[in-house]
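Step one of this worksheet: look at the structure below.
In this text, all values refer to a predicted model and were calculated from it rather than measured experimentally. We name chains A, B, ... by the order of the sequence lines, and we start the count at 1 in each one.
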Amino acid sequence: MSSDPNIVSAAPGPSETAGLKRQPRVIRISEADRHVGELVEVQGWLYNLRKSGKIVFPIIRDGSGLMQCVAVKNNLPEEIFDTLKNLTQESSFTVTGTIRAESRAIGGFELDVTDAKLVQRVAEDQPYPITPKDHGVDFLMDHRHLWLRSRRQHAAVRVRHEVVKGIRDYFDSHGFTLVDTPIFTPAACEGTTTLFEVDYFGDEKVYLTQSGQLYNEANAMAFGKVYCFGPTFRAEKSKTRRHLTEFWMVEPEMAYADLEEVKRVAEDLVVYLVGRVLENRQEELKVLERDMSKLETVRAPFPRMSYDEAVKILQSKGSEIEWGGDFGNADETLLTQDFDRPVMVDHYPAHIKAFYFQPDEQRSELALGVDVIAPEGYGEIIGGGQRIHDLALLEQRLAEHDLPREAFEWYLDLRRFGTVPHGGFGMGVERFVAWMCGLEHVRETIPYPRMLYRTRP
RNA sequence: UCCUCAGUAGCUCAAUGGUAGAGCAUUCGGCUGUUAACCGAAGGGUUGUAGGUUCGAAUCCUACCUGAGGAGCCA
């Protein structure tokens with residue numbers, strides 16, 4: 001007997017007597033293996049239907065999986081057989097029958113039908129738009145609310161769930177406290193990227209956050225080790241397979257941490273998450289046809305190199321990059337192609353990083369920042385580093401970047417009242433999930449993607 | 001913002017200046033083990049929009065609209 005807390009329906013208990021009508025237990029398809037030989041009820045939607053005269057094979061989808069049902073005309077009341085025979089795609093219905101292992105059927109189990117109830121039949125003059133054949137991305141995105149019922153989308157969303165849960169479990173079990181940062185913010189966190197402006201009761205302009213980092217620094221001084229995890233907004237007119245205007249980012253921040261500690265945590269987190277996805281989401285990766293051998297090699301230590309070294313490697317591989325420039329996507333792919341795991345690049349030129357990066361002691365033109373670049377062309381999944389802890393230096397950087405001093409007074413306070421070296425990073429969930437799933441585009445890693453030219457549905 | 005490509009049936013595509021077609025989906029009929037089942041039939045079109053060239057335009061030209069891929073920027 002299962003103790004799955006998800007089962008809310010009344011199940012036949014030990015007090016059931018022979019005189020009572022037997023109520024079949026409602027199960028989810030994902031747990032079919034534990035109910036072989038039992039009479040059960042499945043509640044779901046029609047995924048596909050094949051019929052051959054006096055026998056029909058409806059495949060029911062219940063959100064947890066797919067199961068083929070077998071209904072034979074001669075063994076059923078005519079009304080029930082006709083109900084199943086006339087089901088249209090995505091019609092909702094419940095079906096009762098006995099579970100049997102069947103290697104020919106999708107999922108490995110089959111239901112021999114004894115009863116069925118129609119809940120709502122999809123009208124044939126307005127059939128379900130997503131047929132079992134091919135569709136284009138534009139059409140599917142217009143029907144995203146229905147597309148999520150498809151197997152591949154289902155798999156991607158489940159991998160995302162695993163990654164999100166893994167992120168929380170990792171930080172929760174390593175002494176971090178979740179301290180949420182605001183989504184409405186009064187000014188730019190970094191001053192570089194474009195922000196979405198929001199009218200705030202007419203008399204004040206606020207912006208949707210592009211990073212929780214500045215608040216994270218305050219929180220780290222309060223709690224030692226913190227993380228924030230929520231949606232982030234970038235009004236950049238980026239139109240590539242790696243960009244969304246609304247995406248999720250986890251940002252840990254640690255007091256008394258230097259660049260090396262930031263790198264250690266970033267590496268440890270990535271290794272943990274990859275291992276967890278491989279362990280718990282194999283079925284989903286199979287649906288996505290992900291080459292799992294490409295993930296199994298992701299172990300510590302990751303290759304580490306300085307920006308200087310990275311530029312030399314790129315130049316030797318034919319890139320036209322020059323010292324001082326930022327890496328393009330082609331550069332990132334070149335840089336990782338000889339490795340079977342992510343690559344860490346640190347000590348970037350300060351002028352291509354945000355104002356708050358701590359400079360290197362020996363070479364002040366370098367910033368103590370690190371990027372983690374995923375293999376297979378998935379690009380930068382983590383960016384972070386050590387922050388400036390000295391008040392005078394931070395004041396100088398604000399001035400150099402023409403940032404409004406008064407808006408940052410609270411941030412400067414952190415350097416006035418017990419400042420310590422500290423650092424952290426941000427990891428983009430969608431890019432990470434796209435890498436795990438082997439997806440071409442990050443738009444399939446979030447249920448309702450928001451992109452340059454798409455805000456619907 | 002820039003560059004490239006694409007818009008034809010509900011969907012995916014064909015028709016390369018000369019009568020707009022196929023598969024899937026839908027409807028009707030057939031089939032007791034199908035695996036995107038199959039077999040037969042039917043309905044379904046102002047070829048993204050506006051203009052132009054031509055005897056004749058889905059096809060050539062111009063503008064616009066919509067989308068995709070990429071660049072820059074970033075996670």
Side-chain angles (χ1 to χ4, degrees), chain A residues 47-59 66 68-76 81 85-86 88-90 100 102-108 110 112 122-143 146-147 150-151 189-190 192-195 210-213 231-251 266 325-332 352-354 371-374 378-384 425-435 440-443 445-446 451-454:
Chain A
Y47 181 77
N48 196 12
L49 177 73
R50 287 182 292 269
K51 48 187 166 183
S52 180
K54 297 185 176 65
I55 184 167
V56 297
F57 301 95
I59 297 179
L66 300 174
Q68 176 160 288
C69 308
V70 185
V72 177
K73 186 180 174 85
N74 294 343
N75 303 344
L76 285 170
F81 184 79
K85 192 181 81 181
N86 293 322
T88 45
Q89 199 188 351
E90 287 300 323
R100 174 168 45 75
E102 171 58 72
S103 60
R104 285 176 293 183
I106 194 165
E110 235 175 34
D112 287 318
V122 175
E124 46 275 282
D125 60 348
Q126 203 186 338
Y128 187 70
I130 302 177
T131 67
K133 286 279 180 177
D134 292 333
H135 301 280
V137 173
D138 188 36
F139 176 81
L140 290 169
M141 273 298 168
D142 284 342
H143 296 83
L146 303 176
W147 191 19
S150 305
R151 288 186 83 197
C189 287
E190 311 191 359
T192 52
T193 44
T194 328
L195 296 159
Q210 61 180 344
S211 166
Q213 195 222 304
T232 301
F233 308 88
R234 302 275 168 97
E236 296 151 5
K237 296 208 165 177
S238 298
K239 189 168 157 44
T240 80
R241 66 185 70 188
R242 302 176 308 282
H243 286 88
L244 298 168
T245 53
E246 175 185 318
F247 65 97
W248 282 63
M249 185 158 70
V250 60
E251 295 175 276
D326 212 348
F327 305 134
N329 187 246
D331 291 324
E332 290 179 343
I352 57 171
K353 289 286 171 188
D371 285 354
V372 180
I373 304 167
Y378 285 95
E380 185 187 340
I381 49 169
I382 285 178
F425 61 87
M427 186 179 87
V429 168
E430 288 75 17
R431 284 191 188 176
F432 192 92
V433 174
W435 172 38
E440 282 289 301
H441 200 301
V442 290
R443 66 187 162 212
T445 66
I446 188 168
M451 295 177 288
L452 183 50
Y453 297 120
R454 183 172 293 280

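Comparing the P positions of rG21(B) and rA58(B) gives an interatomic distance of 13 Å, to the nearest angstrom.
rU59(B) is unpaired under the criterion used here, namely a Watson-Crick or G-U wobble arrangement in which both key atom distances are under 3.5 Å. Base pairing of rA25(B) is not made with any nucleotide, judged by Watson-Crick or G-U wobble geometry with both donor-acceptor distances under 3.5 Å. Pair assignment for rU4(B): rA68(B), on the basis of Watson-Crick or G-U wobble contacts that are both within less than 3.5 Å.
Put simply, the side chain of Arg431(A) and the base of rC74(B) share a donor and an acceptor less than 3.5 Å apart. With hydrogens and angles left out, the side chain of His135(A) and the base of rC11(B) share no donor-acceptor pair within 3.5 Å. Remark: the Ser238(A) side chain and the rC74(B) base include no donor-acceptor N/O pair separated by less than 3.5 Å.
OP1 or OP2 of rA71(B) lies within a sub-4.0 Å distance of a side-chain N or O belonging to Arg242(A). Under 4.0 angstrom from either OP1 or OP2 of rA68(B) there lies at least one side-chain N or O belonging to Lys239(A).
Judged purely by distance below 3.5 Å, without hydrogens or angles, the side chains of Gln89(A) and Thr131(A) never pair a donor atom with an acceptor atom.
Every side-chain contact (heavy atoms from CB on, under 4.5 Å) that Ala235(A) has, sequence neighbours left out, goes to Thr194(A), Phe196(A). Glu332(A) is linked by a salt bridge (Lys or Arg N to Asp or Glu O under 4.0 Å) to nothing, counting only residues two or more places apart in sequence or in another chain.
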